[in-house]
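Side chains included, hydrogens not; waters and symmetry mates left out as well; all remaining heavy atoms used. Fair warning: this is a prediction, and the values are worked out from it, not measured in the lab. Convention: sequence-line order gives letters A, B, ...; per-chain numbering from 1.
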Number of protein chains: 2
Amino acid sequence: MVTLAEVAQHAGVSASTVSYVLSGKRSISTTTRQRVEQSIRELGYHPNAGARALASSRSNIIALMIPLRTDMYVPVMMEIAIAVATTARTHGYDVLLLTGEEGPDAVRRVTGSGLADAMILMDVELDDERLPLLRGTDQPSVLIGLPADTTGMTCVDLDFRATGALCLEHLAMLGHRDIAVIGEAPAVYERHTGFAERTLDGLRGRSQELGVRLLHRPCDGGYDAMAVTLARILDERPGTTGFVVQNESAVEPLLALLRQQGRAIPEDVSVVAICPDQVATQASVRLTSVAIPAQEMGRHAVEHLVAKLDGRGKDEVVLIAPELTVRASSGPASA
Amino acid sequence: MVTLAEVAQHAGVSASTVSYVLSGKRSISTTTRQRVEQSIRELGYHPNAGARALASSRSNIIALMIPLRTDMYVPVMMEIAIAVATTARTHGYDVLLLTGEEGPDAVRRVTGSGLADAMILMDVELDDERLPLLRGTDQPSVLIGLPADTTGMTCVDLDFRATGALCLEHLAMLGHRDIAVIGEAPAVYERHTGFAERTLDGLRGRSQELGVRLLHRPCDGGYDAMAVTLARILDERPGTTGFVVQNESAVEPLLALLRQQGRAIPEDVSVVAICPDQVATQASVRLTSVAIPAQEMGRHAVEHLVAKLDGRGKDEVVLIAPELTVRASSGPASA
DNA sequence: ATAGGTTGTCGAAGCGCTTCGACTCGGACT
DNA sequence: AGTCCGAGTCGAAGCGCTTCGACAACCTAT
């Protein structure tokens, strides 16, 4: 293992000079710098992470806490994680992967040990028990998702309320008067993950403004659960012609079931999904959808965090505006 | 930030004693140990990760390199990552998330800097350029996947060759004589990710032994790609009654298309999928499938790694035996 | 009773880096 | 000519931990 001292000796300078070449915190003459850089290359030197962390009290690591459960949006989580990792690298940070399993203890452990300089939390619940801990530390953090109380927190999320409103608006404008919402799994609502409820708020609010009837039903993913849910919906509101689907693993089953019942899409019923674009374009019908901007959220989160670590950047709630793309699954309500 | 020294002072012992209480590397009297533990609790002490890494040259971090691409098995990747993270924690390790993006450089950086004690590589290609680097270091590593040359490597993977054989066998036993394989996306074959080719080997080998006709077609995910592929297959081999599907995002489209053509499952055609159980049970038909044991793979990988780090454990290729679960998508070939 | 072994504790020496203060040297300013 | 300043470099002091050797106290065996 090559050390700073060896590089220094090889280049004929002192250790501190090498350090300053690396960090750029003091000016170094061009000739010296080049000599040092040459030595670094020749010896294949990599600074020791532990020593660096100890001396500078900076680990250059960002902790990312992902949900353990897989009842929800797995591809979105993955995409966010990858975006976080790649963006972090462009700023010189690595990413530590924590699962929600440890809960608040993980927060304590990471902040206490200086393992990471900052944290990103996913799957934030409305009244998340990790938040008080984060507020009680000076370690910067960013939430992906929106808790009930955002004071002192930086949050990044899709504006799900606006998303709900947008979906409803789209269907209402097409003339649909009876709209059903296929929600997330019941468990998601029970644990008060905000996004599902905010979406619903947006849907409800706009439906009242526009005089549209709305029926919301949570739904586990998969064919069987969807079949049951759909039957109930059509029983209660036979005139339903518009569907908004939030649970991405209910999309394909819904389409299959509708088709099976002889309801044509979009001639008889319209479907709007809230899902990643990939899902929308790979489905058996190209879906009109509001995209979940996973990459953008991951990137945003990291960039806010880096800004905070650099002393720039303030607490802020960033709600990404939803964009609805019209594809082949929605059309005018039949007269 | 509480330090070891403060704990020592609070407990009225020396720093080294506290360290030994923590590590258990020397015997400590019960009374002293309890006093120290009490102080640790009262002060809320967490050992500083950097200092610990520096002094012990152990970071207690395992690096996990996941593929950047999302053209394949995203949920599987995610499940593996989560299994790795949780298993690692039970052994006192944290997980550093690296994306394939940096390629071999990431390996150099991590081993060179002592950021991690060991690595797990996913999405290993047959002739992976990261392998020489791994061989040239004394840092333990485990591959999830199987390269062409496994000498000096520890690998964990599903036995895809046996998986292929098993799928074929199942269909052949049911009387199917013309079988089509819906493979992974062409890109997967082009980059020589071994598992797809090994599956094919297994299928081909057994088909010859059993005298069954086999047609293999790579296929991108999604409805449209599947439609084209299926049309070609049925054009070339109209008598095809058995399907083996490896690309999980082609499963649902295939089912929909077959249904649409009036082919009943399993009365007219049988379908066997290679996919996680969740996909198999949530599909519109409960699928006969060979499960991809993502969790098991992640867990295995970590446990081998930990064994190596503890000086136990040797290089070894672990191929997990496939298990085929018969569900509702396969049945006897119609006479 | 004494040599020998255990057991429990301590002090001190690093691990490899960052960073502060100090120093030298040349040029710019009085 | 003398003073001041900035640029460029160095030495040394830690950062908080682990670990080695030393040592005291006690407990066996002889």
So do the side chains of [X] and [Y] get within less than 4.5 Å of each other, counting heavy atoms only?
{"X": "B:D127", "Y": "B:H192", "answer": "no"}
{"X": "B:D117", "Y": "B:Q139", "answer": "no"}
{"X": "A:E6", "Y": "A:H10", "answer": "no"}

Categorize [X] for me: base, sugar-phosphate, or nothing, with a 4.0 angstrom heavy-atom threshold over every strand shown.
{"X": "A:T32", "value": "sugar-phosphate"}
{"X": "A:I28", "value": "sugar-phosphate"}
{"X": "B:S19", "value": "base"}

Look at the side chain of [X] and decide which nucleotide, out of [options], has an atom nearest to it.
{"X": "A:S16", "options": "D:dC10, C:dC17, D:dC17", "result": "D:dC10"}
{"X": "A:Y20", "options": "C:dC20, D:dG11, D:dG16", "result": "C:dC20"}
{"X": "B:S14", "options": "D:dT18, C:dG11, C:dC17", "result": "C:dG11"}
{"X": "B:S56", "options": "D:dC15, C:dC10, D:dT19", "result": "D:dT19"}
{"X": "A:S27", "options": "C:dC10, D:dG8, D:dT19", "result": "D:dG8"}
{"X": "B:R52", "options": "D:dT18, C:dT18, C:dC17", "result": "D:dT18"}

Nearest-Å distance for atom pair [atom1]/[atom2], residues [X] and [N]:
{"X": "A:L22", "N": "C:dG16", "atom1": "CG", "atom2": "C1'", "result": "12 Å"}
{"X": "B:L43", "N": "D:dG16", "atom1": "CG", "atom2": "C1'", "result": "15 Å"}
{"X": "B:N48", "N": "D:dG14", "atom1": "CG", "atom2": "P", "result": "18 Å"}
{"X": "B:R33", "N": "C:dT7", "atom1": "CZ", "atom2": "P", "result": "13 Å"}
{"X": "B:L4", "N": "C:dA12", "atom1": "CG", "atom2": "P", "result": "17 Å"}
{"X": "A:L115", "N": "D:dG16", "atom1": "CG", "atom2": "C1'", "result": "14 Å"}
{"X": "A:E6", "N": "C:dC15", "atom1": "CD", "atom2": "C1'", "result": "13 Å"}
{"X": "A:L54", "N": "D:dT18", "atom1": "CG", "atom2": "C1'", "result": "12 Å"}

| task | Output yes when at least one side-chain N/O atom of A:S29 is less than 4.0 Å from OP1 or OP2 of D:dT9, else no. | result |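 True: A:S29 side-chain N/O within range (under 4.0 Å) of D:dT9 OP1/OP2.
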| said: Any N or O donor-acceptor pair under 3.5 Å from the base of D:dT9 to the side chain of A:R26? | reply: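 Present.
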| Do B:Q38 and B:R35 get their side chains close enough for a donor-acceptor pair, meaning under 3.5 Å? |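 No pair is found: no donor N or O on one side chain lies under 3.5 Å from an acceptor on the other.
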| task | Assess whether atom CD of A:E125 is packed by more than 12 heavy atoms of other residues, nucleotides or ligands within 6.0 Å. | result |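 More than 12 heavy atoms, drawn from other residues, nucleotides or ligands, come within 6.0 Å of this atom.
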| said: Need to verify one output field. Residue with the more 5' nearest nucleotide on DNA chain C, A:K25 or B:A51? | reply: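 Upstream on the strand: B:A51.
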